[in-house]
2 protein chains.
Amino acid sequence: MYRYPVTSRILLAIDCIIFGFDGKDIKLLLVKRNLEPEMGKWSLMGGFLREDEDLEVGAGRIIFYLTGLKNIYVEQLETFGKVNRDPAERTVSVVFFALIQIDEHDSEAVRNHNASWISLDQRPELIFDHNEMVGRAIEHLRYKAALHPIGFELLPELFTIPQLQKLYEAIYNTPLDRRNFSRKLLSTGLLIDTGSKNSNSTTKKATLYKLDTIRYKEKFHAFWNFMPDSMKPVKI
Amino acid sequence: MYRYPVTSRILLAIDCIIFGFDGKDIKLLLVKRNLEPEMGKWSLMGGFLREDEDLEVGAGRIIFYLTGLKNIYVEQLETFGKVNRDPAERTVSVVFFALIQIDEHDSEAVRNHNASWISLDQRPELIFDHNEMVGRAIEHLRYKAALHPIGFELLPELFTIPQLQKLYEAIYNTPLDRRNFSRKLLSTGLLIDTGSKNSNSTTKKATLYKLDTIRYKEKFHAFWNFMPDSMKPVKI
DNA sequence: GCAAAAGTGTTACTTGTACACCCATGC
DNA sequence: GCATGGGTGTACAAGTAACACTTTTGC
């Protein structure tokens with residue numbers, strides 16, 4: 001078979017930014033790196049692309065390996081390829097962005113990989129250009145969550161409106177008006193009232209909703225505007 | 001120096017989607033491929049990433065080579081990496097998205113590369129997954145132009161409001177109301193009235209504006225909403 | 001003077017924002 | 001019975017959408 005007459009072939013990495021939400025803070029799944037260079041330092045979970053796998057398959061493999069989860073929300077974020085981004089050798093990294101329901105992950109797998117869930121505002125310095133990757137991912141989360149109903153991916157199947165509000169408040173780091181939030185949300189027609197109530201509350205129990213998955217697909221691209229003006233992304 | 005113990009290193013390509021606007025239609029700069037496989041077929045302009053260059057530098061090099069232009073609007077779009085996307089050998093392609101002022105390109109360079117400006121609705125079948133890349137780029141153009149003032153990148157330095165309107169009508173393939181368009185546009189405060197008039201018109205001459213580049217940078221992320229509801233992106 | 005395109009203003013409607021009171025629950 | 005959080009309605013402001021007439025120009 002024909003092969004291109006080009007000498008330089010490059011190592012292709014995949015790094016995954018995995019967001020979760022614990023009901024209070026947005027968290028990031030970070031690992032202590034187990035290979036040289038920079039062994040022992042904090043980094044994103046990553047790996048090398050295999051010869052026989054598509055990019056998304058590689059990302060799925062890495063996420064499954066770390067969390068035990070399949071069929072979660074994953075999208076490609078951006079590819080980082082500065083010449084010296086990795087001191088060992090030229091490596092180009094395709095970064096993926098994943099949202100998971102934090103209580104469904106396999107905590108043993110996470111522990112075995114030296115990984116931890118860390119709040120965004122407490123995240124340590126990361127290796128290479130991983131800090132930049134995380135910055136872009138947070139920006140993307142804010143941007144996307146303002147326009148599309150992706151917040152649900154971070155919550156359990158049954159959730160309450162106050163839970164969802166806390167999620168958006170965490171994403172934009174700003175308080176939102178309860179009444180307006182609730183009204184706007186219900187007006188999307190994406191929520192189904194399950195009739196039951198949240199039992200683990202010490203005060204008035206909130207109504208549990210689930211996502212109307214059919215309408216969800218139809219309305220995925222209907223633009224929202226939950227993003228407060230002051231929080232609109234600032235950098236390209 | 002340490003080198004990762006991984007055997008497979010992969011060929012990294014860069015493909016560029018270059019949009020222009022001729023006052024009537026959105027056009028794409030396409031080339032007749034001059035290497036095997038698929039020599040002679042239409043494709044995006046591309047090349048291979050060099051060992052000593054960053055991704056954006058590579059994209060800039062390729063665009064400059066084809067158009068003679070530097071300092072244009074370029075952003076990374078997405079990376080395509082299906083295992084068999086290139087029949088010659090495994091190649092992962094980072095796709096860039098560029099907007100240029102069509103009358104400023106070096107038409108001799110374009111001719112020398114067997115390239116042509118082709119209207120979106122007349123574009124031929126492209127090789128590999130390039131059709132998919134173009135689809136994503138059109139979607140991205142619509143998405144982005146609805147939220148950020150990127151349309152200016154496709155127009156000459158001095159432009160009229162009717163010109164800009166025709167551009168948006170071409171992007172969304174839908175008519176817009178002149179009065180509302182003009183009012184909304186002027187209310188952004190991004191336009192400076194140059195005082196002069198468009199001379200090459202056979203009827204009433206329109207006012208020439210230029211972009212307020214300082215406010216442009218400040219307001220780049222102020223969200224617009226020029227996108228008509230019916231035109232909101234439909235696929236992920 | 002007429003055809004073709006540019007410029008401009010008002011009104012109705014829709015959507016967003018601000019804000020306060022009552023209800024359910026556990027202690 | 002009280003503190004905590006959940007649920008709801010209304011009035012005002014802002015933004016969007018619809019629509020018609022006048023002006024400039026080249027022929």
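Throughout, a chain's letter reflects where its sequence line sits, starting with A, and its residues are numbered from 1.
When the P atom of C:dA18 is taken as reference, atom CG of A:Leu176 falls 11 Å away, rounded to whole Å. In this structure, B:Asn180 places its CG atom 14 Å from P of C:dT10, rounding to the nearest Å. Residue B:Lys205 contributes atom NZ, which lies 7 Å from atom P of D:dT25 at whole-angstrom precision. Atom CG in A:Asp193 sits about 12 Å away from atom C1' in D:dG7, given to the nearest Å. Between B:Ile161 atom CD1 and C:dA6 atom C1' there is a gap of 10 Å when expressed in whole angstrom units. Computed from coordinates, the A:Phe181 CZ to D:dG5 C1' distance equals 16 Å when rounded to whole Å. The distance from atom CG of A:Asn198 to atom P of D:dG7 is 9 Å, rounded to the nearest whole Å.
Between A:Arg179 and A:Asp177, at least one side-chain N (NZ, or NE/NH1/NH2) sits under 4.0 Å from a carboxylate O, which counts as a salt bridge. A salt bridge does not link A:Lys166 to A:Glu169: none of the charged nitrogens lies less than 4.0 Å from a carboxylate oxygen.
Residues A:Thr203 and A:Leu186 both approach DNA chain D. Their nearest nucleotides, taken by heavy-atom distance, put A:Thr203 toward the 5′ side.
For A:Arg179 and C:dA20, a side-chain-to-base donor-acceptor distance below 3.5 Å is present, hydrogens and geometry of angles not being considered. One donor-acceptor pair, N or O on each side, does fall under 3.5 Å between the base of C:dG7 and the side chain of B:Arg178.
With D:dG6, C:dA18, D:dA20 as the candidates, the nucleotide lying closest to the side chain of A:Arg183 is C:dA18. Set against D:dG26, D:dG6, C:dA5, the side chain of A:Lys166 has D:dG6 as its closest nucleotide. Nearest nucleotide to the side chain of A:Asp177, out of C:dG26, D:dG7, C:dC19: C:dC19. The A:Lys184 side chain lies nearest to C:dG16 when the options are D:dT24, C:dG16, D:dA17.
Outside the 6.0 Å centre-distance limit, the rings of A:Phe152 and A:Tyr73 are not counted as a close aromatic pair.
Within the 4.0 Å cut-off from OP1 or OP2 of D:dT22, not a single side-chain nitrogen or oxygen of B:Lys204 is found. The side chain of A:Lys197 places no N or O atom within less than 4.0 Å of a non-bridging phosphate oxygen (OP1 or OP2) of C:dA24. Between A:Thr207 and D:dG7 there is a side-chain N or O to OP1 or OP2 distance below 4.0 Å.
The aromatic rings of A:Phe220 and A:Tyr216 lie perpendicular to each other, with more than 60° between the two planes, well past the 30° mark. A perpendicular orientation is assigned to the rings of B:His140 and B:Phe97, their planes being inclined by more than 60° (bins at 30° and 60°).
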